[in-house]
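Here is the naming used below: chain letters follow the sequence lines, and residue numbers restart at 1 for every chain. Model, not experiment: these values are computed from the prediction.
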Amino acid sequence: MIEKLTVSATINSLKIITEYIVKVANLGGLDKKATYKLRLATDELATNIINYAYTENNGVGDILFESEISDEVIMIKIKDLGIPFDPTTKLETELKTINIPIEERKIGGLGIFLVFDGVDQFFYERIDNENISTLIIYRK
Amino acid sequence: MALDISLVIDNDVAKITLVGELDGSNASDFKAKIEQAAAAEPKKVILFLEELEFMASAGLRVLVFSKQKIGAGVDIYIIGAQEMILESIEKTGLNHSFIIQEEYQD
């Protein structure tokens, strides 16, 4: 089965996105902890899109979600038509950041680390001007 | 997301209570309360998180900000953080810079 959602890339959409993700997680039978981590991962990716993807278009644009539940996995695709952004390129920097004492850190980041921590697999593609992040969670 | 924040300053101790969900839509409210607390130059800051249900990286960044703004010499306590929030705090290495307790003990 496939569940879809399209919302405008604004901070007020986070609530609708959360409701959608919790619904998908429940349909997929995820426990409370896995649901929280999935919600956190999608919240971080959506917030990045809201804050940065459409800066060249006065912040106007959409975020699309497509979720597919199979016997083995929940697969969620998050798409936007904003500037190219590959989250995987930020992971190494954030992994270094978490080992720096916070008194010496620059304030920023941590979100992409939480994305990778929250899912079993993550892929990024850029196809036809679209950023596509794919999150996969194993149904245990 | 719905978030209620209260700040009480009592005998050089700043107590901030967060209730609800903390993310990119309201982290600036938390940051503003930290700045308000810092302005009072407290000797100790206590963050009560028992009723905080969700915290995104925007909240973690305000925690980093709080330590930098208030100063390394002032202890900041995190009280009663729920399991998944505590996990985010620990995995991002923030636990080393805060005093983390289930219930506040001086």
Gap between atom [atom2] of [Y] and atom [atom1] of [X] - 0.5 Å precision:
{"X": "B:Tyr77", "Y": "B:Leu47", "atom1": "OH", "atom2": "CG", "answer": "12.0 Å"}
{"X": "A:Leu135", "Y": "A:Leu45", "atom1": "CG", "atom2": "CG", "answer": "5.5 Å"}
{"X": "B:Ile46", "Y": "B:Tyr104", "atom1": "CD1", "atom2": "OH", "answer": "3.5 Å"}
{"X": "B:Phe30", "Y": "B:Leu7", "atom1": "CZ", "atom2": "CG", "answer": "10.5 Å"}

Sort by residue number and list every member of residues 10-17 of chain B having a non-hydrogen atom under 4.5 Å from chain A. none
Name the region of B:Ile85, side chain, backbone, both or neither, that has any atom closer than 4.5 Å to a heavy atom of chain A.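 Both backbone and side chain of B:Ile85 come within 4.5 Å of chain A.
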Starting from B:Val19 and following side-chain heavy-atom contacts under 4.5 Å between hydrophobic residues (I, L, V, M, F, W, Y), which residues can be reached?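 Direct or chained contacts put B:Val19 with none.
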Shortest non-hydrogen pair, B:Ile70 vs B:Ala38, comes out as CG1-CB, 3.8 Å
How close do B:Leu94 and B:Phe98 get, counting heavy atoms only, and between which atoms? O-CD1, 3.0 Å
Can you tell me which residue among B:Leu86, B:Leu63, B:Leu18 is in a side-chain contact (heavy atoms from CB on, under 4.5 Å) with B:Met55?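 By the side-chain contact (heavy atoms from CB on, under 4.5 Å) criterion, B:Met55 pairs with just one of B:Leu86, B:Leu63, B:Leu18: B:Leu63.
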Any side-chain heavy-atom pair from A:Ile49 and A:Phe85 closer than 4.5 angstrom? no
Is the shortest heavy-atom distance from the side chain of B:Ile89 to the side chain of B:Leu60 under 4.5 Å?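 When only atoms from C-beta onward are counted, B:Leu60 and B:Ile89 do touch, with a gap below 4.5 Å.
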Go through the atoms of A:Leu114 and report whether side chain, backbone, both or neither lie under 4.5 Å from a heavy atom of chain B.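 Looking at A:Leu114, just its side chain touches chain B.
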Which side chain or backbone donor-acceptor pairs connect chain B with chain A at less than 3.5 Å?
| from | atom 1 | to | atom 2 | distance (Å) |
| --- | --- | --- | --- | --- |
| B:Glu21 | OE1 | A:Arg39 | NH2 | 2.9 |
| B:Glu21 | OE2 | A:Arg39 | NH1 | 3.1 |
| B:Met55 | N | A:Tyr36 | OH | 3.1 |
| B:Ser57 | N | A:Glu44 | OE2 | 2.5 |
| B:Ser57 | OG | A:Glu44 | OE1 | 2.5 |
| B:Ser57 | OG | A:Glu44 | OE2 | 3.2 |
| B:Arg61 | NH1 | A:Gly109 | O | 2.8 |
| B:Gln68 | NE2 | A:Ile102 | O | 2.8 |
| B:Gln68 | NE2 | A:Arg105 | O | 2.6 |
| B:Glu87 | OE2 | A:Lys37 | NZ | 3.3 |
| B:Lys91 | NZ | A:Asp117 | OD1 | 2.9 |
| B:Lys91 | NZ | A:Asp117 | OD2 | 3.1 |
| B:Thr92 | O | A:Arg105 | NH1 | 3.2 |
| B:Thr92 | O | A:Arg105 | NH2 | 2.7 |

If you count heavy-atom pairs under 4.5 Å between each of B:Ala2, B:Gly93, B:Gly71, B:Ala58 and chain A, which one has the most?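 Most pairs with chain A among the choices: B:Gly93.
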Holding to ring pair (Phe, Tyr, Trp, His ring centres under 6.0 Å), I want the full list of residues that pass it with A:Phe122, two or more places apart in sequence or in another chain. A:Phe116
